[in-house]
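Single-structure report; data block below.
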Amino acid sequence: MTTEGHANAVAALPPPPGRYVQETYIVQFPKDQVYRVPPRENALFLEQFRKPVTVKKTRRFGCRCGRVLLTVVLVVVSVVAVVGITLATLYFIFSPTGPTFGVGNLAVKSGGAYRNSRAQYRVSLRVHNPNDKLGIHYAAGDVWLFYERTKVAAGRFPSLDQGREELSTVIVMMSGPSAVVRRVSNSREQPVALKLEMKLGMRIRIAGIETWLMRSNVYCDFEVTDFGNKTRVSSQDCYTEFKEY
């Protein structure tokens with residue numbers, strides 16, 4: 001067999017079973033069904049009608065708000081720190097002294113013979129600010145009146161502003177059970193020993209600025225005669241526990 005005949009015989013043989021034979025197919029479409037890429041000007045035209053994206057603007061606005069808020073906080077903290085340091089410095093320079101108190105008068109009005117009746121107490125107090133360069137603001141505080149360690153009445157100390165070396169008169173109204181008034185009035189003790197306790201909040205005023213709130217306890221041991229009638233203060237001893245810090 002010649003060489004050309006051997007090649008024709010090999011080409012005529014079928015492919016071995018199980019092997020893939022690569023083939024090429026040509027598919028034709030009509031021209032009216034061919035999809036083309038749209039021109040660039042059409043894409044630009046559509047971009048003009050799209051909804052603008054605001055994510056970046058929102059983030060920038062949020063960042064700006066955060067920076068403004070942080071700046072405001074830092075300014076406020078700085079101002080408070082400066083004021084606090086200034087007040088503390090002035091406070092230690094002037095060394096304020098606590099006020100002094102004194103009982104001026106005590107008036108008692110019984111509520112009657114009823115078991116649940118209430119007696120009214122009117123206490124006149126003298127309040128003196130001994131500081132020659134500092135003012136004092138008194139916040140409302142609690143006041144109690146005791147007889148033989150028994151609470152006779154309770155009331156409130158009114159708010160008060162005092163200038164330098166000012167002496168003021170404060171009226172404190174209190175109430176308590178009438179039974180205590182009758183028991184004290186029937187006592188044979190002459191005079192009657194009473195005790196007044198007050199828990200007050202004070203602020204020192206320096207150069208028109210008030211300091212932090214400071215707590216002060218006031219104790220007055222005094223004796224009165226003719227309790228319940230024409231009560232008169234015969235002796236007294238008042239002490240102010242001025243807590244500077």
Side-chain angles (χ1 to χ4, degrees), residues 95-113 117-204 213-245:
S95 295
T97 303
T100 59
F101 291 81
V103 181
N105 189 20
L106 172 64
V108 183
K109 183 179 180 181
S110 178
S117 59
R118 305 285 293 178
Q120 302 298 323
Y121 298 81
R122 183 179 183 272
V123 182
S124 175
L125 298 175
R126 296 186 302 269
V127 185
H128 179 231
N129 175 20
N131 300 281
D132 58 348
K133 297 180 180 180
L134 306 174
I136 299 179
H137 170 74
Y138 303 82
D142 296 317
V143 184
W144 300 276
L145 183 65
F146 293 89
Y147 169 69
E148 294 182 349
R149 298 183 179 181
T150 301
K151 186 184 295 185
V152 176
R156 295 283 291 173
F157 187 91
S159 179
L160 174 66
D161 286 307
Q162 275 190 321
R164 298 174 295 177
E165 297 183 321
E166 184 177 350
L167 178 63
S168 306
T169 300
V170 178
I171 302 300
V172 178
M173 301 300 300
M174 296 184 289
S175 64
S178 296
V180 179
V181 177
R182 293 191 297 270
R183 180 162 65 90
V184 176
S185 300
N186 296 332
S187 175
R188 295 181 180 180
E189 296 182 8
Q190 293 293 336
V192 177
L194 300 173
K195 185 174 184 178
L196 190 70
E197 292 187 8
M198 295 181 286
K199 292 186 180 296
L200 308 178
M202 302 179 187
R203 296 181 187 272
I204 304 299
L213 185 66
M214 294 173 286
R215 299 293 179 182
S216 295
N217 300 329
V218 182
Y219 307 95
C220 288
D221 294 313
F222 62 103
E223 294 181 347
V224 298
T225 57
D226 296 330
F227 182 84
N229 298 316
K230 296 180 180 180
T231 306
R232 183 176 62 87
V233 179
S234 58
S235 65
Q236 61 176 295
D237 181 18
C238 292
Y239 168 74
T240 302
E241 189 181 65
F242 184 58
K243 299 180 180 180
E244 299 181 359
Y245 307 104

ask   = Going by the angle between their ring planes, with limits at 30° and 60°, are F157 and F101 parallel, tilted or perpendicular?
value = perpendicular
What are the two closest heavy atoms between [X] and [Y], and how far apart are they?
X    : Y    : answer
G201 : R215 : CA-NH1, 4.2 Å
V143 : L196 : CG1-CD1, 3.6 Å
A193 : E223 : CA-CG, 4.1 Å
P130 : P99  : CD-CA, 3.9 Å
P158 : V172 : CD-CG2, 4.3 Å
V233 : N105 : CG2-CA, 4.3 Å

Which value, rounded to the nearest 0.5 Å, describes the distance between [X] atom [atom1] and [Y] atom [atom2]?
X    : Y    : atom1 : atom2 : value
R232 : L106 : CZ    : CG    : 12.5 Å
K195 : F222 : NZ    : CZ    : 11.5 Å
E166 : H128 : CD    : NE2   : 9.0 Å
N217 : M198 : CG    : CE    : 10.0 Å
M174 : Y121 : CE    : OH    : 8.0 Å
H137 : M202 : NE2   : CE    : 11.0 Å

Counting only N and O atoms by type, is there a donor-acceptor contact under 3.5 Å from the side chain of [X] to the main-chain atoms of [Y]?
X    : Y    : value
S124 : V103 : no
S234 : T225 : no
N131 : T97  : yes
Q162 : V127 : yes

Is any side-chain heavy atom of [X] less than 4.5 Å from a side-chain heavy atom of [Y]?
X    : Y    : result
D142 : R156 : yes
R203 : M214 : no
V170 : Y138 : no
L145 : V123 : no
R164 : D132 : no

task = Assess whether side-chain contact (heavy atoms from CB on, under 4.5 Å) is satisfied between R122 and M173, documenting all intermediate values.
result = CA-CA 5 Å; R122 183 179 183 272; M173 301 300 300; 3.6 Å; yes
key: Evaluation steps, side-chain contact (heavy atoms from CB on, under 4.5 Å), between K199 and W144   = CA-CA 9 Å; K199 292 186 180 296; W144 300 276; 3.9 Å; yes
key: With I136, the side-chain contact (heavy atoms from CB on, under 4.5 Å) member among L160, N129, D161   = N129
